[in-house]
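Only one structure is covered here, and it is reproduced in the block below.
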Amino acid sequence: MPPVNRIADFAEDMKGWRRWMHQNPELQFDCHNTAAFVVERLREFGITDIHQGIAKTGVVAIIEGRGDGPTVGLRADMDALPIEEATGADHASQTPGKMHACGHDGHTTMLLGAARYLAETRRFKGRVALIFQPAEEGGGGAGVMVEEGIMQRFDIGEVYAMHNKPGLPVGHFQIRPGPMMAAVDTFEIYINGQGGHGAMPHQTRDPIVAATGIVQAIQTIVSRNHYTLDELVVSVTQIHTGSADNIIPEEAYICGTVRTFDKAVQQMVMDRMEAIVAGQAASYGVEARLDYQQGYPATVNHADQTAFAADTARAVSGDAFVNDTCNPTMGAEDFSYMLEARPGAYINIGQGESAGLHHPAYDFNDDIAPIGASFFAQLVERSQPVS
Ligand code: NI
């Protein structure tokens with residue numbers, strides 16, 4: 001079954017919506033105009049059950065199907081990035097320093113396309129909850145919507161989301177059960193020694209030697225404390241200290257990133273880092289403080305919903321175009337909070353050759369909007385069929 005014909009009919013409308021959003025990017029929780037645009041479209045489609053102001057600018061809208069049944073949640077992100085656009089497109093960002101460089105304008109468009117079709121046809125039981133969230137790119141808008149109770153309030157049983165993927169051919173889908181994207185944590189280490197003359201190190205407690213000791217010892221978390229076949233990255237990415245060739249500084253600063261798929265591994269890293277920082281500091285006679293910040297959790301797909309999403313993608317694009325055993329990636333995604341709250345799945349849709357995500361030359365491929373919208377619509381019609 002190809003993309004739904006009725007959805008293909010309004011591909012031009014979808015392109016128009018997408019390009020309007022592309023010209024009008026908004027950051028983090030400040031998606032006021034985007035949310036207003038979404039609500040206007042939903043009203044045009046005859047949808048009246050619309051709830052605004054969730055997680056500041058998030059929107060949840062309900063489409064009633066025919067007869068009793070569960071509620072399936074479909075999520076799109078609406079926010080852009082603080083990047084100066086370099087596409088040179090006619091529909092380029094009209095706001096300097098902000099652009100849709102991750103295709104969230106396209107994700108919102110695909111969910112609107114599905115909404116229009118589902119509101120028009122209503123060939124499903126139960127209900128659909130359309131979830132438009134702000135602040136995916138920092139801020140964790142999905143987590144805030146979950147904290148504000150959308151799952152209970154709208155009685156959502158399962159949740160699905162989709163992200164475009166540059167380099168994956170148009171019409172192709174990628175998914176896997178279990179970990180799909182990593183948890184992203186940040187650590188900062190503040191070292192306090194005693195500065196002095198570079199020629200008289202015995203009168204100092206050198207924070208540089210302590211910092212390099214800590215950086216070396218941190219490498220052993222992956223190489224010595226961790227089971228080789230599980231995924232884990234620990235990278236030190238910054239060291240700042242010093243001001244001259246003949247001065248031993250007073251302080252040093254280290255920071256870096258940790259990527260995990262498993263909460264037990266994440267806990268092990270936190271415990272080991274705490275012990276290493278304390279032990280190394282004691283051995284070098286300096287004081288050191290670790291500030292470990294947990295970011296978005298790992299995006300973990302549920303097995304049954306993943307199998308169902310893969311089947312639905314096959315129904316839209318054909319067997320040969322769906323890879324249901326793709327590799328996980330070390331990037332992150334705040335849809336993870338929704339997958340911690342409800343069973344569901346996150347899928348990638350190919351957008352063909354283009355600049356990469358978060359690149360100033362990136363632009364969402366409008367050709368994939370009818371395919372993505374068909375996927376969302378079919379997900380609903382196949383999971384909650386009218387008899
Ligand atoms: Ni994104």
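One-based numbering, in listed order, for ligands and for the atoms of each.
Checked against side chain to side chain contact (heavy atoms under 4.5 Å, CB included), Ala361 has the following partners two or more places apart in sequence or in another chain: Ala355, His359.
Under the ring pair (Phe, Tyr, Trp, His ring centres under 6.0 Å) criterion, the residue pairs touching residues 79-101 are His22-His91, with sequence neighbours excluded. The ring pair (Phe, Tyr, Trp, His ring centres under 6.0 Å) contacts involving residues 361-387 comprise Phe173-Phe375, where partners must be two or more places apart or lie in separate chains.
In this pair, Trp17 and Phe45 present their aromatic rings tilted. The plane angle is within the 30 to 60° band.
Listing protein N, O or S atoms at distances below 2.8 Å from the Ni ion (ligand 1), with waters left out, gives Cys102 SG, His104 NE2, His163 NE2.
Between His104 and His163, the distance separating the two ring centers is shorter than 6.0 angstrom.
Within the model, atoms CG of Leu42 and CG of Leu112 stand 6.0 Å from one another, a figure rounded to the nearest 0.5 Å.
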